[in-house]
Amino acid sequence: MEFFEVINKRRSVRNYTSKPVPKEVISKALEAATLAPNSSNTQTWDFYWVKTAEKKKALIKACLSQRAARTAQELIVIVADPTLWKRSNEALLQYTDEIKAPPSMKIYYKKLIPFIYSAGILNVLAPLKWMIANIGGLFRPMPRGPNTSKDIQTVCIKSAALAAENFALAISAQGFATCMMEGFDECRVLKILKTSWSARIVMVISVGEEAPDGTMGPRFRLPTNLVVHEI
Ligand SMILES: Cc1cc2nc3c(=O)[nH]c(=O)nc-3n(C[C@H](O)[C@H](O)[C@H](O)COP(=O)(O)O)c2cc1C
């Protein structure tokens with residue numbers, strides 16, 4: 001399918017048929033999700049493909065039993081976890097060796113990434129980070145964060161959201177449909193997944209074949225000239 005056809009075809013589907021989604025379709029889309037751009041390539045995400053009947057039932061309930069979850073053939077949960085920078089850091093350092101990266105890239109992963117991803121207990125480091133950023137920023141352009149643990153979460157959530165879109169488009173390209181959902185009880189979803197409490201549930205994505213009444217109507221968007229600003 002042509003790229004713009006995929007973009008146009010992807011709709012949020014709230015009612016699916018009972019046609020099963022082949023495992024390869026999901027695997028391929030998950031692979032595409034992991035190829036999304038992400039902050040500093042730290043890949044602070046996890047993808048849960050919820051397969052067991054018991055967990056699926058609990059997840060549907062945690063998604064407020066909405067129809068997009070209830071009628072889905074498959075459910076994927078996209079998680080962002082700021083502590084996961086540690087998982088990739090060693091491998092990234094090794095990678096910098098393999099590609100004979102300039103020393104600045106090594107320093108970036110060795111020194112800067114641990115600093116960026118630390119806020120300290122109860123954000124104790126945040127005021128110091130804020131001061132460095134904002135005093136330095138008086139004299140030259142400086143990233144003004146992330147400072148607090150919430151700021152760090154936001155960094156990770158941005159990357160995971162891009163992975164969610166890659167996933168949804170990859171499913172559309174293979175002739176099936178999705179619905180992104182943030183209508184869920186995050187505490188309950190964390191419990192079902194048994195993830196660390198540092199994790200944030202970014203999106204639950206339902207997958208299936210679109211039923212004839214799958215969407216709520218034709219796509220509605222504000223006119224492009226209202227939201228695109230050429231300055
Ligand atoms: C972050 C996010 C959360 C969403 N949560 C829900 C949800 O909980 N339930 C639902 O039915 N649709 C949900 N949607 C789908 C949106 O309602 C949908 O994308 C929007 O209405 C535009 O329609 P379209 O995707 O068909 O273009 C969500 C979409 C996003 C991006």
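When a ligand or atom number is given, it counts from 1 through the structure's own listing order.
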Checklist entry - Which distance, rounded to the nearest 0.5 Å, do you find between the OG of Ser206 and the CZ of Arg70? => result 11.5 Å
Checklist entry - Around ligand 1, what residues show up once you keep those with a heavy atom under 4.0 Å from it? => result Arg10, Arg11, Ser12, Arg14, Gln66, Cys179, Met180, Met181, Glu182, Gly183, Met203, Arg219, Arg221
Next on the checklist: Let me check something: do Phe4 and Val6 share a hydrophobic cluster, defined by ILVMFWY side-chain heavy atoms less than 4.5 Å apart, either directly or through other members?
Outcome noted: yes
Checklist outcome for this item: Those residues at least two apart in sequence (or on a different chain) that pass side-chain contact (heavy atoms from CB on, under 4.5 Å) with Asp151 are Pro146, Asn147, Thr148
Checklist entry - Does Val202 reach the side chain of Trp45, with side-chain heavy atoms less than 4.5 Å apart? => result no
Next on the checklist: Please check if the number of heavy atoms outside Lys55 that lie under 6.0 Å from its NZ is greater than 12.
Outcome noted: yes
Checklist entry - To the nearest 0.5 Å, what is the distance between CD1 (Ile78) and CE (Met180)? => result 7.0 Å
